[in-house]
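Below: one structure, written as structure tokens.
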Amino acid sequence: MTDLLEGLNDKQLEAVTLPYQSALILAGAGSGKTRVLTTRIAWLIQTGQISPSGLLAVTFTNKAAKEMLSRLSAMLPINTRGMWVGTFHGLCNRFLRAHHREARLPALFQILDIADQLSAVKRVMKAMNVDDEKFPPKQVQNYINNSKEEGLRADQLDAYDKHSEKMREIYAEYDAQCQREGVVDFAELLLRCYEVLARETALREHYQQRFRYVLVDEFQDTNRLQYLWLKLLAGKNNCVFAVGDDDQSIYAFRGARVGNMLDFEHDFGVHKIIKLEQNYRSHSNILDAANAIITHNKNRLGKNLWTSSGAGEPVRVFEGYNDIEEANFIVEEVKALHAEGQSLADMALLYRSNAQSRVLEHALFSAGIPYRVYGGLRFFERAEIKHAMAYLRLVANPNDDTALLRVINFPTRGIGARSLEQLQEGAKQNECSLWAAAETASAGKAMAKGIPAFVALIRSLQEQCHGLPLPEMIDVITDQSGLRAHYQSEKEGEERIANLDELVNAAVAFVQEHDGAEPVEGEEPAGTAAQQLLVAFLTFASLEAGEHQADPGRDALQLMTVHASKGLEFLNVFICGVEEGLFPHEQSMYEANGLEEERRLMYVAVTRARRRLYLSHAQSRMLHGQVRYGVPSRFLDEIPDELLKRLNARPVTKFAAEPAFGNAPRVASSQSSQYPWRVGQAVMHSKFGQGVVVSYEGNPSELIVQVNFGHVGLKKLLVEYAKLEPV
DNA sequence: CTTGAGAGGTTTTTT
DNA sequence: ACCTCTCAAG
């Protein structure tokens with residue numbers, strides 16, 4: 001066996017071989033974070049300090065967890081199967097399955113994804129007669145999730161007024177509904193697990209004694225609840241090894257608390273933070289640019305990346321007249337690089353928001369460059385898959401109201417709003433599930449024939465599926481339910497049919513992987529083996545639906561948001577739309593510390609590049625169907641000029657010329673007499689400085705002009721009072 | 001129950 | 001611009 005510690009630098013070595021104590025490792029981008037984490041585990045095991053079953057390692061993505069496990073089994077001759085290495089949600093799910101009684105959950109509880117959750121929220125609100133104009137279901141959903149991620153139940157929340165009181169009430173009702181139906185949402189997995197550990201002393205002590213060592217990846221992304229969970233699990237005597245990078249915290253908007261890093265230092269008695277600052281990814285021009293940007297942030301633990309691999313190429317900056325020219329430039333560069341023999345898969349186009357991908361895709365498509373867009377709808381989130389899964393869920397548990405509502409009339413079988421209302425009424429009166437109500441209704445006196453037909457269908461499916469292997473079950477279900485026939489008659493249903501076939505394939509692969517899987521420890525497995533497998537598959541679909549690495553065979557350019565690029569690296573990186581209002585995003589200005597998060601986002605983007613980095617921006621672009629004029633991002637100004645190579649010199653007085661490509665602003669020439677300045681014209685304001693006229697609104701007597709003042713932001717000004725000077 | 005017009009809303013989203 | 005959702009007419 002090769003020496004584990006070989007090739008580690010001093011800091012990495014120090015982190016890997018730390019004595020038994022809690023530690024915080026500040027691991028910069030490209031500093032070998034995953035390597036340190038896995039080597040630490042391997043070293044602890046190899047030196048006999050801990051057994052494989054005595055540690056718990058937690059990540060945010062399934063990908064990261066898998067990566068850790070595969071590297072681990074390459075380092076050590078151990079069976080990683082039974083090890084507690086996984087995502088927060090995956091581990092909590094495992095815990096709850098084993099201790100469902102203590103958690104007061106049915107053994108075969110099911111997991112709601114965001115879409116399921118939203119429909120559950122809508123259902124609760126309807127039952128409560130809540131006005132969904134005043135309480136938009138999405139907002140309610142966020143409120144519930146945010147509360148749970150703070151570790152708070154409805155009865156622990158304060159209400160300030162009628163509105164928040166109602167929110168709290170809906171939250172409580174929603175939880176009650178989930179409990180009745182035996183389903184849990186993502187946040188609930190964690191909160192429930194946390195509560196069980198907090199409540200059940202014996203259980204907590206058992207796990208505390210077992211997991212002497214807890215390791216956390218991407219610690220900067222943990223939310224309040226995850227932090228509390230870790231603290232509870234560690235207890236007084238165990239140690240936590242946390243690895244993270246405060247400069248790469250880009251999920252505050254979802255409840256991640258960078259502050260957990262400071263709290264951690266204090267709560268876990270960390271003596272010394274180890275900083276991994278040597279970067280093995282990029283040349284120094286790229287790192288210096290990244291460092292220059294991030295030093296503008298006030299709230300940092302402090303860290304400076306360096307490399308021994310030389311300056312490398314300058315950071316290239318391109319300014320387009322508009323987004324189309326920007327896209328065309330990128331196409332040309334990509335072509336040139338590809339012609340030099342570089343693979344497309346090692347090039348990435350990064351953008352701040354998904355809306356930007358359209359223009360880029362159009363240009364790439366026209367040029368015949370294969371590309372792949374990351375993000376968007378995932379396989380298990382597609383409507384046809386969700387429908388098939390809903391039938392599957394009903395076979396597993398017909399009392400699953402969410403699943404029932406999804407397919408009771410899909411394909412349509414004459415069950416309209418009225419029949420549904422009757423069902424819901426019946427369910428409410430008898431305090432039973434919709435399924436039970438449907439059974440009663442169809443057994444009783446004459447009813448619209450749809451419902452008895454549906455009941456018969458589900459019963460028949462249950463019967464036919466009994467004893468069948470999972471893939472065949474899916475075959476039967478998609479066939480008998482009429483799903484397949486429905487999509488066959490649809491004009492663009494071919495892809496959907498193909499997806500249903502793909503679902504069968506996914507089931508085949510799943511069954512193979514689970515062959516001879518370990519039984520859940522602790523308690524007797526509930527249900528039959530077949531039921532277990534079915535529920536495991538459903539859980540897999542909601543918890544591990546990711547894995548976007550399709551068509552690895554084809555060499556394709558990678559398109560994704562900056563968020564999606566975290567953790568990845570590419571030889572050549574293009575960051576597009578580096579403009580005020582886009583990156584940093586306009587919306588971020590309204591949030592506390594929003595700008596700092598945007599800057600971290602730019603830091604993440606820049607540090608993705610190994611060798612060559614392009615930053616591009618455009619003077620104008622189409623946004624929400626309107627031409628928007630923008631000034632270069634402040635982040636560009638934050639990079640020292642000597643690191644940059646400006647590829648094209650645009651005239652200093654921008655926007656003086658007619659807008660390129662005939663995208664004439666609506667109000668420009670024809671009625672220009674009415675408007676003092678042309679849209680796109682640079683103007684000076686005594687207080688806000690230089691800006692660009694974006695649009696006009698209001699009537700002629702009270703004309704309002706919207707000006708983009710770059711760093712100051714977008715401002716709406718009354719033409720009459722705003723003393724603007726042309727530049 | 002299906003269809004289409006109109007309204008509203010568009011940052012990012014590991015599970 | 002474009003997508004999703006709602007509601008009224010067929």
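So you know, we letter chains A, B, ... as the sequences are listed, proteins then strands, and number each from 1.
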Between [N] atom [atom2] and [X] atom [atom1], what is the distance in whole Å?
{"X": "F380(A)", "N": "dT15(B)", "atom1": "CZ", "atom2": "C1'", "result": "15 Å"}
{"X": "H362(A)", "N": "dA1(C)", "atom1": "NE2", "atom2": "C1'", "result": "14 Å"}
{"X": "M560(A)", "N": "dT14(B)", "atom1": "CE", "atom2": "C1'", "result": "14 Å"}
{"X": "E149(A)", "N": "dT14(B)", "atom1": "CD", "atom2": "P", "result": "13 Å"}
{"X": "L112(A)", "N": "dT15(B)", "atom1": "CG", "atom2": "C1'", "result": "13 Å"}
{"X": "F540(A)", "N": "dT15(B)", "atom1": "CZ", "atom2": "P", "result": "11 Å"}
{"X": "D217(A)", "N": "dT15(B)", "atom1": "CG", "atom2": "P", "result": "13 Å"}
{"X": "L189(A)", "N": "dT14(B)", "atom1": "CG", "atom2": "C1'", "result": "14 Å"}

Between protein and nucleotides 3-10 of chain C, what N or O pairs are separated by less than 3.5 Å?
residue, atom, partner, partner atom, Å
dC3(C), OP1, R358(A), NH2, 3.0

| query | Is the NZ or CZ atom of R97(A) positioned over F109(A)'s six-membered ring, under 6.0 angstrom from the centre and within 45° of the axis? | reply |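 Yes - R97(A) lies over the ring of F109(A), closer than 6.0 Å to its centre and within 45° of its axis.
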| Ring-face cation contact, Y374(A) with R372(A), 6.0 Å cut, 45° max |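 R372(A) over Y374(A) ring: yes.
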| query | What integer number of Å spans the C1' atoms of dT14(B) and dC3(C)? | reply |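 Pairwise C1' distance, dT14(B) against dC3(C), rounds to 25 Å.
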| field | Which residues share a side chain to side chain donor-acceptor pair (under 3.5 Å) with T87(A), sequence neighbours left out | value |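 By the side chain to side chain donor-acceptor pair (under 3.5 Å) rule, T87(A) matches no residue at all.
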| message | For L350(A) versus A605(A), what's the shortest heavy-atom pair and its separation? | response |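 Scanning both residues, the minimum pair turns out to be CD1-O, 4.0 Å.
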| said: So L91(A), base contact, sugar-phosphate only, or nothing? Heavy-atom distance under 4.0 Å. | reply: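 If one applies the 4.0 Å heavy-atom cut-off, L91(A) turns out to touch nothing in the nucleic acid.
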| message | Under 4.0 Å, counting only non-hydrogen atoms across every strand here, what does N409(A) touch: a base, just sugar-phosphate, or nothing? | response |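 Sugar-phosphate, no base atom in range.
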| message | Please evaluate residues S616(A) and F574(A) with respect to the criterion side-chain contact (heavy atoms from CB on, under 4.5 Å), reporting the C-alpha separation (whole Å), side-chain torsions for both, the decisive distance (0.1 Å), and the verdict. | response | CA-CA 7 Å; S616(A) 63; F574(A) 296 81; 5.9 Å; no
| task | Answer yes or no: are there more than 12 heavy-atom neighbours, outside Q488(A) itself, under 6.0 Å from its atom CD? | result |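 More than 12 within 6.0 Å, yes.
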| field | From E580(A), E597(A), E598(A), residue fulfilling salt bridge (Lys or Arg N to Asp or Glu O under 4.0 Å) relative to R352(A) | value |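 With R352(A) as partner, E580(A), E597(A), E598(A) yield a single salt bridge (Lys or Arg N to Asp or Glu O under 4.0 Å), made by E598(A).
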| field | Among R393(A), M389(A), H387(A), the one residue meeting side-chain contact (heavy atoms from CB on, under 4.5 Å) with R406(A) | value |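 Of the listed residues R393(A), M389(A), H387(A), the side-chain contact (heavy atoms from CB on, under 4.5 Å) partner of R406(A) is H387(A).
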| query | Just wondering, do E188(A) and V183(A) contact through their side chains at under 4.5 Å, heavy atoms? | reply |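 No - every pair of side-chain heavy atoms lies 4.5 Å or more apart.
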Which pairs, protein N/O on one side and nucleotides 9-13 of chain B N/O on the other, fall under 3.5 Å?
residue, atom, partner, partner atom, Å
dT11(B), O4', H585(A), NE2, 3.2
dT11(B), O2, R352(A), NH1, 2.8
dT11(B), O2, R352(A), NH2, 2.5
dT11(B), O4, E591(A), OE2, 2.4
dT12(B), OP1, N354(A), N, 2.6
dT12(B), OP1, N354(A), ND2, 2.9
dT12(B), O4', R352(A), NH2, 3.1
dT12(B), O2, R352(A), NH2, 2.5
dT13(B), OP1, T561(A), OG1, 2.7
dT13(B), OP2, N354(A), ND2, 3.3
dT13(B), O2, R254(A), NE, 3.3

